[in-house]
Amino acid sequence: MTDPRILTVRPAPGEYAWTFGGAPPVARIAPGTVLDLYTEDCFAGRVRSEKDLVSEVCEFPFLNPQTGPFHVEGAEPGDTLAVHFVSIEPARDWAASTTVPLFGALTSTHTTATLQPPLPEAVWIWQLDRARGTAEFSARDGDIRVELPMDPMHGTVGVAPANMEVRSALVPDAHGGNMDTPEMRAGVTCYLGVNVEGGLVSLGDGHARQGEGETCGVAVECAMHTVVIVELLKGLATPWPRIESDTHIISTGSARPLEDAFRISQLDLVQWLVRDYGFSEVDAYQFATQTVESPLANVCDINYTCVAKLRKEWLPARETHRGIHARLRETAATLRC
């Protein structure tokens, strides 16, 4: 973990991946490599003003470009990749958000079909003050302006799915993908179960900030300069993406209907308590019921994502995921990328 290798990747416009699985690796890296990455926003940088409607400047399915994938040497099915987010910093002084016809939680969609006409398509350009760490909302239909704190995150991080599947970068599932949880911020470690040789990890979809649920389907979307450390945990399986922060352990679940996503995240948390913290299954079920926090990640994507998080201070003093989060935090503190 000392003197880590650093790989800098700045993709050209034609060098992004649009899927998890099915894309060749852009590089082979050794465990412990630091990746200094540029990621483009979900619109591939094409929405730059209020006149740039997604339906006119973007082409489906070429949305949500990913930087990667990266083949991690030695990674095999049954292992886990630990992706530690050292820093996530907006790459531009502006970000974009939109409404998209037949997309979002408060409108008719292709699968929830009604006689209502689609909501109008609109664009909001958010001004970012990177020095002060703020993002300014400016109303389209009035003079309201509100300055909000930035909370940079990545909506999308994942590996190649199992069973030779190729999944759109818009879809979250057991491989990770477009989970859109604000928990994926700097300082956390994301654990992803390996499904194919090398894992093939990618990330993208930077958000300057996002409310829980991502209600209209679009966050404050921006390009990012992001630094991560990628480590390998051999022989340790992780069935659904997990996140560890300094204060919480966090399970995710992605599915439709929403209650199934909730169940997946809660079950994974219970199983985590059994595996690493010494609980019986029934004790873990009772303990989690009384202590869990259950924020929504998204209720707009092809699959919805729920989160189950639990405070570390309430848990027995045990090591989880071989203590890799603490070690990666120490490594991150030494970097000057």
Side-chain angles (χ1 to χ4, degrees), residues 41-42 64 85 88 90 95-100 103-107 109 112 119 124 126 128 133-137 146-158 169-173 176-191 203-222 224 226 240-269 272 288-312:
D41 67 36
C42 71
N64 222 12
F85 287 85
I88 306 173
S97 191
T98 69
T99 51
V100 178
F103 180 64
L106 300 183
T107 181
T109 69
T112 304
L119 287 177
W124 290 259
W126 291 63
L128 308 181
T134 60
E136 185 182 74
F137 167 78
V146 181
E147 192 174 72
L148 300 172
M150 280 199 287
D151 187 9
M153 52 164 282
H154 271 279
T156 307
V157 58
L170 297 170
V171 180
D173 211 310
N178 194 30
M179 296 177 285
D180 283 321
T181 172
E183 305 291 347
M184 204 72 71
R185 55 174 62 92
V188 308
T189 303
C190 177
Y191 302 111
L203 68 152
D205 191 27
H207 299 171
R209 65 169 296 118
Q210 178 210 300
E212 292 172 358
E214 198 182 23
T215 308
C216 83
V218 185
V220 183
E221 310 282 345
C222 66
M224 290 290 184
T226 295
W240 283 86
R242 293 174 175 174
I243 304 168
E244 183 178 356
S245 71
D246 293 344
T247 57
H248 289 78
I249 62 170
I250 304 164
S251 290
T252 70
S254 298
R256 285 202 190 193
L258 184 60
E259 57 263 34
D260 281 353
F262 176 84
R263 290 185 182 108
I264 292 167
S265 64
Q266 299 288 320
L267 175 61
D268 187 75
L269 186 66
W272 195 348
T289 297
Q290 313 312 337
T291 57
V292 70
E293 302 167 55
S294 303
L296 295 172
N298 90 80
V299 288
C300 53
D301 290 336
I302 292 87
N303 285 331
Y304 303 148
T305 302
C306 287
V307 163
K309 56 187 293 191
L310 205 158
R311 294 178 184 272
K312 287 181 174 179

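No hydrogens, no waters, no symmetry mates; every other heavy atom, side chains included, goes into these values.
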Checking the side chain of Ser245 only, and the main-chain atoms of Thr247 only, is there a donor and an acceptor separated by less than 3.5 Å?
yes

So, for Ala169 and Asn64, which heavy atoms are closest and what is the spacing to 0.1 Å?
O-ND2, 2.8 Å

If I take atom NZ from residue Lys309 and atom CD from residue Glu293, how far apart are they, to the nearest 0.5 angstrom?
5.0 Å

Shortest non-hydrogen pair, Ala297 vs Met179, comes out as CB-O, 3.3 Å

Please evaluate residues Trp240 and Ser251 with respect to the criterion side chain to side chain contact (heavy atoms under 4.5 Å, CB included), reporting the C-alpha separation (whole Å), side-chain torsions for both, the decisive distance (0.1 Å), and the verdict.
CA-CA 7 Å; Trp240 283 86; Ser251 290; over 6 Å; no

Step-by-step side chain to side chain contact (heavy atoms under 4.5 Å, CB included) determination, His248 to Lys312
CA-CA 5 Å; His248 289 78; Lys312 287 181 174 179; 5.6 Å; no

Between the CE atom in Met184 and the OG1 atom in Thr252, the distance rounded to the nearest 0.5 Å is 7.0 Å

Please step through side-chain hydrogen bond (donor to acceptor under 3.5 Å, both in side chains) for the pair Asn178 and Thr156, ending with a clear verdict.
CA-CA 4 Å; Asn178 194 30; Thr156 307; 2.9 Å; yes

If I compare all heavy atoms of Cys222 with all of Pro90, which pair ends up nearest, and what's the gap?
SG-CB, 4.2 Å

Any chance you could lay out the side chain to side chain contact (heavy atoms under 4.5 Å, CB included) test for Leu269 and Ile249, step after step, and finish with the verdict?
CA-CA 8 Å; Leu269 186 66; Ile249 62 170; 3.9 Å; yes

Working for side chain to side chain contact (heavy atoms under 4.5 Å, CB included), residues Phe103 and Thr109:
CA-CA 5 Å; Phe103 180 64; Thr109 69; 5.9 Å; no

Quick check: does any side chain N or O of Asn303 sit under 3.5 Å from a backbone N or O of Pro172, one acting as donor and the other as acceptor?
yes

Looking only at heavy atoms, what is the nearest atom pair of Cys216 and Thr98, with distance?
SG-O, 3.5 Å

When you measure from the side chain of Arg209 to the backbone N and O of Val220, does any donor-acceptor pair fall under 3.5 Å?
no

Closest non-hydrogen atoms of Met224 and Gly206, given as atom of the first, atom of the second and distance, are CG-CA, 3.8 Å

Value rounded to 0.5 Å, distance of CG in Leu258 from CZ in Phe262
9.0 Å

Pairwise salt bridge (charged side-chain N to carboxylate O under 4.0 Å, His left out) hits with a residue in residues 249-262, at least two apart:
Asp260-Arg263

So how far is it from Glu244 CD to Tyr191 OH, rounded to the nearest 0.5 Å?
3.5 Å

Could you tell me which residues satisfy salt bridge (charged side-chain N to carboxylate O under 4.0 Å, His left out) with Arg185, sequence neighbours excluded, listed by chain and number?
Asp151, Glu183

